[in-house]
Amino acid sequence: MTETPETHTSTEISISFKESLYEGLRQGLYSFYTLFKIMTPVYILISILKEIAVLEILAGYFSPFMKFLGLPGETALAVVLGWTVNLYAAIAAFAGLGLSIRQVTILAVMLGISHSHFMETAIISRMKARPWLILLIRIVTSLFIGALMNLILPENF
Amino acid sequence: MEFILQTAFGLLKLMALIFIIIVPLIIILELFRSYGVLEKLTKLISPLTSRLGFEKDSVFPLLAGIVFGISYGGGVLVGEAKKGRIVGNQAFLVALFLALCHAIFEDTLIFIAQGAIWWIVVLTRVATAFMITALVAIWLKKQGHP
């Protein structure tokens with residue numbers, strides 16, 4: 001491999017602006033493509049489950065737990081997908097449910113604290129930072145904050 | 001037929017929202033990265049962060065993770081730790097904070113698009129990360145870890 005010597009001139013700075021703009025666009029489009037591949041099947045699957053009334057049955061099982069978080073039983077699937085896959089899968093799972101602002105805000109905080117655990121626990125273990133303890137803290141904190149927000153936030157806004 | 005149309009329309013709307021958030025955001029973050037915006041910010045807020053008990057060399061990985069996401073922040077953290085600049089529990093505490101609070105722009109924006117109230121989301125998440133990290137730091141000190 002040959003290395004090209006680096007020179008710092010004013011023209012190079014303007015090229016680097018264009019280059020990073022282009023690089024950002026490339027990364028952005030690629031990310032969108034990967035998100036599209038995850039979100040589309042999730043959104044379609046949830047829509048079908050809702051249409052054939054299976055979502056209702058599943059929601060029935062989960063609603064006793066979800067009500068502590070101020071969330072309908074249907075959102076249990078979104079939480080599970082958020083924990084295991086990522087936030088985008090979670091969003092695709094609740095986007096069609098017609099949730100209230102309060103419910104989306106609670107979900108945003110809970111899932112923000114605790115998500116993508118397979119991937120992120122692997123990243124944290126590379127940091128040599130007690131990944132299992134951090135995983136436990138994230139899940140417990142998220143459930144605690146969700147319940148706390150449900151107690152504090154006014155019912156209608 | 002109505003079901004298919006409704007689902008297709010809902011999906012199109014969802015993906016359009018994601019597109020107009022993600023593509024510009026990633027371009028802006030890439031520009032931040034190539035112009036070293038966070039390096040400058042680290043210096044600017046260092047009086048505040050040192051008062052909060054963060055060592056100087058852990059502030060940059062912390063900011064990098066909060067803004068760019070956990071894989072980027074984690075990478076910076078591992079690099080700094082290898083150089084011996086972040087020692088002992090500092091690395092664990094940075095990792096813990098980042099696990100609770102990272103990619104704050106991306107995560108918040110995609111939920112705002114679904115109706116979440118941004119300031120509640122940001123404040124609650126940042127405050128929670130601060131409190132949990134502080135509690136664990138106090139606990140570690142009591143255990144006698146430096």
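This structure is a prediction, so every number in the text was calculated from the model and none was measured. In what follows, every chain begins at residue 1, and chains take the letters A, B, ... in the order their sequences are listed.
By number of non-hydrogen pairs under 4.5 angstrom with chain A, the leading residue of B:Leu29, B:Leu31, B:Ile104 is B:Leu31. No other option in B:Ala103, B:Ser34, B:Ala99 has as many heavy-atom pairs under 4.5 Å with chain A as B:Ala99. Of the listed residues (A:Tyr88, A:Phe36, A:Phe94), the one with the most heavy-atom contacts under 4.5 Å to chain B is A:Tyr88. Here A:Ile113 is the residue among A:Ile48, A:Ile124, A:Ile113, A:Leu107 with the most heavy-atom pairs under 4.5 Å with chain B.
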So A:Ser20 and B:Glu30, side-chain hydrogen bond (donor to acceptor under 3.5 Å, both in side chains) or not? Walk me through it. CA-CA 6 Å; A:Ser20 46; B:Glu30 182 59 33; 5.8 Å; no
I would like to know whether B:Trp139 and B:Leu135 meet side chain to side chain contact (heavy atoms under 4.5 Å, CB included); could you show each step before the answer? CA-CA 6 Å; B:Trp139 178 72; B:Leu135 283 176; over 6 Å; no
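Contacts between B:Ile110 and chain A at a heavy-atom distance below 4.5 Å involve backbone atoms as well as side-chain atoms. Contact of A:Leu21 with chain B is made through backbone and side chain together, with heavy-atom distances under 4.5 Å.
Contact residues of residues 61-80 of chain B toward chain A are B:Ile70, B:Ser71, B:Gly74, B:Leu77, B:Val78 (heavy-atom distance under 4.5 Å).
Ring pair A:Trp83/A:His117 is tilted by interplanar angle, where 30° to 60° counts as tilted.
B:Phe111 approaches B:Asp107 most closely through the heavy-atom pair CD1-O, 3.1 Å. Of all the heavy atoms in B:Thr124 and B:Thr128, the pair that sits closest is O-OG1, 2.5 Å.
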